[in-house]
Amino acid sequence: MTTNGWTRRDMLRLGVALGATAGAGFSALDALADVRGWHEDEWYPLVIPDTTPPYLETLACVPAIVDMGDGRPRGAWTYNGQLPGPTWIARTGDVVKTTLRNGLGEPTITHWHGLIVDFANDGGPLLEIDPGESFPYQFPIVQRASLNFYHPHPHMLTGKQVALGLAGAFIIRDSEEDALNLPAGPYEVPLVIRDASFDSSGNMLYNPSSSGFKGKVPLVNGTLRPKFAVDRGVYRLRVVNGANARVFRLALSNGRAFTIIGNDGGLLSSPAGGTQIVLGMGERVDLLVDFRALGAGQSVFLRCLDAGWDLVNFVSTGATGLAYSPPPVLSSIAPLSGPAQPTRTFTFDGMSRINGLEYDPLRLDFSVPFGVTERWRFKTGGNAPHPVHVHGAHFKVVSRTGGRGRLYPWERGWKDTVLLSDKETVDVLIRFNAYRGDYVIHCHQLEHEGMGMMQNFRVV
Ligand code: C2O
Ligand code: CU
């Protein structure tokens, strides 16, 4: 039996029939699993996570048995028994209220990646709670429409807990977005993309190597080899890279371009085209994809060119869908001007240090004046990818030199995570104008974060 806490009771709750050797717990299921393995030629219906309004009574981190599409019962760590957790839908001005319950056998805390909240609600490593404890969250949504996500953030355990399944999407809407009449309902599809590995019983496995946790197979919304039926129309795909250590190079199998309409910080000012999108861990992208040319029964795949994976199989129903073309102006992006020279420089050294230091939860690394625009410079000599993520404010990416040497269309507008590849220097303009208090900056390669590539700062 694994120590990850999946119990026979979970199995029974899922309605798994245990055989004559039921008393042995997992063994009967192991036998079953061998017969009902994952068939390489099958595609399983993509799971669309349930949604939750801003008020959710309980958000529980719990081990559970889930079905990833192939019918094999698999242990995972989940929010409220679901993989991924429920998708939050809130509007600017709403108040989010929930109570986190720690049903794991180790400390946890949940961070709302991309949400601008005060220290008490940020779910950083200083706020972790012990097994059996609860943590109340209550915060207003003070930012524009965007796709964010939530995941655990306990000191040194984030990578493990995310790899075992804990994550979910968080969508914010506002009137600026409403006015665009973007594809909605069945035509708006959240895609939480990650990789995963399994133990011999089919349970989620966390086995990081020195370059981080790389799963053997892709998992989209917790579904293995997902297929999704599409009408002949335009879809809005809202993609989160929820992997620990894998950068996805997204492309469509028919070579057509995506229409990029948004990223971490919400809508871009105008749509951009691109046949490939490089999405680092923690980054999000908002895409329009046109399936009008697809005849009934025909497929287009969303791929990762780097891994050589087909992530989602979109199969046409042949039915007429939505004709949509975005207007030339999507949103107004407030200008931000700041210093031409860096205010601070952060070097991402090795796999565990920023400016030569490993993270110490009790050390305050620097202070930032409230309301002042600074220019932060992120540099690395190697061991990338280092997706740099900042809590407490969004930023504008202003330059990349060395390495890839350019900025990409999906890096326009507002961001909270920017991908730093080997030998790159990236400058961003950032201003903390929502809350004073304590936040962190860290690498979103979760094993780097866990080993210490993180700093504490205070907005004063
Ligand atoms: Cu997505 Cu500090 O994390
Ligand atoms: Cu890193």
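Small disclaimer: the values here were computed from a predicted structure and weren't measured. Every number for a ligand or one of its atoms is a count from 1 in the order of the listing.
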- prompt: So which of the N, O or S atoms of His448 lies nearest the Cu ion (ligand 2)?
  reply: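 It is ND1, the N, O or S atom of His448 closest to the Cu ion (ligand 2).
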query: Closest to the Cu ion (ligand 2), which N/O/S atom of His386 is it?
result: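 Among the N, O or S atoms of His386, the one closest to the Cu ion (ligand 2) is ND1.
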- prompt: Quick one: which of Phe457, Phe119, Phe370 gives a ring-ring contact (aromatic ring centres under 6.0 Å, His included) with Phe432?
  reply: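 So the option named by the test is Phe457.
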- request: Take the angle between the ring planes of Phe395 and Phe378 and call it parallel below 30°, perpendicular above 60°, tilted in between.
  value: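 It falls in the perpendicular class, over 60°.
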Taking the basic N atoms (NZ, or NE/NH1/NH2) and the acidic carboxylate oxygens, is any pair closer than 4.0 Å for [X] and [Y]?
{"X": "Arg363", "Y": "Asp365", "answer": "yes"}
{"X": "Glu283", "Y": "Lys415", "answer": "yes"}
{"X": "Lys214", "Y": "Asp195", "answer": "no"}

Residue of the set Thr110, Thr52, Thr58 for which side chain to side chain donor-acceptor pair (under 3.5 Å) holds with Tyr79: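 In the set Thr110, Thr52, Thr58, the residue that makes a side chain to side chain donor-acceptor pair (under 3.5 Å) with Tyr79 is Thr110.
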query: Which atoms of the protein, restricted to N, O or S, are nearer than 2.8 Å to atom 2 (Cu) of ligand 1?
result: His153 NE2, His391 NE2, His442 NE2
- prompt: N/O/S atom of Cys443 under 2.8 Å from the Cu ion (ligand 2), yes or no?
  reply: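 Yes - counting backbone and side chain alike, Cys443 has an N, O or S atom under 2.8 Å.
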message: Using ring-ring contact (aromatic ring centres under 6.0 Å, His included), reason through His391 and His442 one step at a time and then give a plain yes or no.
response: CA-CA 9 Å; His391 292 209; His442 63 88; 5.4 Å; yes
